[in-house]
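Let me begin by presenting the structure, written as structure tokens, before commenting on it.
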Amino acid sequence: MPELPEVETIRRELDREVVGKRIKSVEASGERTLRRHKSPKEFVAKLEGAKISGVERRGKYLVFKLDTGDLLVCHLGMSGQLRKEQAKDPVADHTHVVITFTQGGQLRFLDPRTFGEMFVTTPDELGEAVPELADLGFDPVETPLSWTAFGEMLIKRQTKLKALLMDQKFMAGLGNIYSDEILFAAGLRYDRPANSLSTQEIRRLYRSVVETLHDAVKYRGSTLADQGYVDLYGKTGDYAEHHKVYARDGLACRRCRTPIQKVRFNSRTTYYCPQCQV
DNA sequence: ACGCCCGCCTGTAAGC
DNA sequence: TGCTTACAGGCGGGCG
């Protein structure tokens with residue numbers, strides 16, 4: 001669920017809420033959340049006493065810069081949430097990490113399905129020990145390309161459009177929801193071979209990538225019916241109201257009134273308009 | 001290189 | 001009502 005717009009929304013809030021704060025203590029009970037460490041103790045030891053000097057985003061990863069020189073990396077997976085709370089607030093189920101600041105207040109990580117993770121590493125190791133981050137493709141919001149450069153990369157690939165959009169090594173940050181929304185905005189089917197696009201289609205696709213993501217960030221991301229995504233304050237995002245195809249199967253297309261179709265593609269649910277997307 | 005599927009997890013909801 | 005099954009989609013990995 002958390003894709004680029006949701007992670008960017010949280011990053012902006014973290015920028016306000018935790019940058020400049022010093023970590024007083026850390027409670028880390030989640031072994032699976034901290035699976036890259038030998039033990040939660042090791043994770044805690046690297047954090048206590050450190051000050052957070054900045055928060056960046058790379059695709060769906062959050063990277064906290066520490067004044068020790070280390071980096072705290074967080075991926076929310078499917079069900080991870082970061083929440084700003086007070087020490088007196090009740091601790092929700094599935095809370096795996098609690099960071100308490102010297103200035104008061106806590107940052108908590110909860111994650112029912114434990115696909116998410118947190119770990120501390122060094123800038124050097126990001127390029128070696130952490131291939132997932134080192135191999136990430138460009139970030140279309142943070143470091144956009146020209147559409148011509150995008151087209152040169154795209155035309156070389158022998159794969160279908162949706163698989164390519166979701167490939168984090170090609171472009172970082174898209175998941176199932178935004179891939180479908182972007183393909184609708186571009187008027188392209190999920191199963192079009194990437195190397196079959198005309199120059200005009202490439203330009204339209206890239207414009208749709210950038211515009212859809214910016215729009216979604218403006219509305220603070222998509223909270224679906226399951227409420228799986230909320231921001232740092234527990235607030236839902238408003239972008240789902242603006243979805244054109246995602247979870248709208250059987251409903252009339254907002255552009256042409258044809259019913260939106262739901263299919264399985266690469267064992268993922270895919271929504272599209274059979275009239276508007278070619 | 002690509003398509004396809006599994007495993008990792010839990011909460012929710014549909015189906016019998 | 002209560003049990004079982006399917007689904008949700010993040011990612012790595014394995015296989016053809």
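Every chain is numbered from 1 and lettered A, B, ... according to where its sequence line falls, protein lines coming before strand lines.
For C:dG9, there is no paired nucleotide, since no Watson-Crick or G-U wobble pair has both relevant distances below 3.5 Å. Base pairing analysis places B:dC9 opposite nothing; no Watson-Crick or G-U wobble pair with both distances below 3.5 Å involves it.
At whole-Å resolution of the value, CG in A:L174 and C1' in C:dG9 are 14 Å apart. Here the C1' atom of nucleotide B:dC9 and the CG atom of A:L110 are 15 Å apart, to the nearest Å. Rounded to an integer number of Å, the gap from CG of A:L165 to P of C:dG9 is 16 Å. For the pair A:F265 CZ and B:dG3 C1', the interatomic distance rounds to 9 Å; values are reported in whole Å. Between the CG atom of A:L76 and the P atom of B:dC9 there is a distance of 18 Å, rounded to whole Å. Rounding to whole angstrom units, CE of residue A:M118 and C1' of C:dG10 are separated by 16 Å. Taking atom OH of residue A:Y178 and atom C1' of nucleotide C:dG9, one finds them 14 Å apart after rounding to whole Å. A straight line from CD of A:Q168 to P of C:dG10 spans 8 Å, rounded to a whole angstrom.
Among the nucleotides B:dG3, B:dG11, C:dG10, the one closest to any side-chain atom of A:H94 is B:dG11. Listed candidates were B:dC9, B:dG3, C:dA8. Nearest to the side chain of A:T114 is B:dC9. Here C:dA8 is the nucleotide among C:dA8, C:dG9, C:dC11 with the atom lying nearest to any side-chain atom of A:R264. Of the listed nucleotides (B:dT10, C:dG10, C:dG12), C:dG12 has the atom at the smallest distance from the side chain of A:E132. Nearest to the side-chain atoms of A:M166 among the listed nucleotides C:dA8, C:dG10, C:dC11 stands C:dG10. Of all nucleotides listed (B:dC9, C:dA8, B:dC5), B:dC9 comes nearest to the side chain of A:F115.
Residue-environment remark: CD (A:Q200) stays at or below the threshold of 12 foreign heavy atoms within 6.0 Å. Crowding of A:E85 atom CD: a count of heavy atoms from other residues, nucleotides or ligands under 6.0 Å exceeding 12.
At a threshold of 4.0 angstrom between heavy atoms, the contacts of A:S79 with the nucleic acid are absent. Using a 4.0 Å heavy-atom cutoff across all strands shown, A:Y246 reaches sugar-phosphate atoms only and no base atom. Across all strands shown, A:R35 has no heavy atoms under 4.0 Å from either base or sugar-phosphate atoms.
Taking the charged nitrogens against the carboxylate oxygens, A:D167 and A:K169 have no contact shorter than 4.0 Å, which rules out a salt bridge. Salt-bridge formation is not detected for the pair A:D191/A:K162: no Lys NZ or Arg NE/NH1/NH2 atom is positioned less than 4.0 Å from an Asp or Glu carboxylate oxygen.
A:T159 has a side-chain polar atom (N or O) that falls below the 4.0 Å cut-off from OP1 or OP2 of B:dG3. Taking side-chain N and O atoms only, A:K156 has no distance below 4.0 Å to OP1 or OP2 of B:dA1. Using a 4.0 Å cut-off, some side-chain N or O of A:R32 falls inside it from OP1 or OP2 of B:dC9. Between A:N266 and B:dG3 there is no side-chain N or O to OP1 or OP2 distance below 4.0 Å.
Here, C:dG9 and B:dA14 have their P atoms 16 Å apart, quoted to the whole Å. Separating the P atom of C:dC3 from that of B:dC9 is a span of 25 Å, rounded to the nearest Å.
Positionally, the nearest nucleotide of DNA chain B for A:A163 lies more toward the 5' end than for the other of A:A163 and A:D226. Sequence order on DNA chain B of the closest nucleotides to A:Q158 and A:R268 puts A:Q158 first from the 5' end.
For A:T159, the side-chain hydrogen bond (donor to acceptor under 3.5 Å, both in side chains) criterion is met by no residue, not counting sequence neighbours.
Judged by a 6.0 Å distance limit and a 45° cone about the ring axis, A:R11 is not positioned over the six-membered ring of A:F64.
The aromatic rings of A:F170 and A:F138 stand perpendicular to each other, their planes meeting at an angle above 60°, with 30° marking the opposite boundary.
With hydrogens and angles ignored, no donor-acceptor pair under 3.5 angstrom links the side chain of A:R157 to the base of B:dA1.
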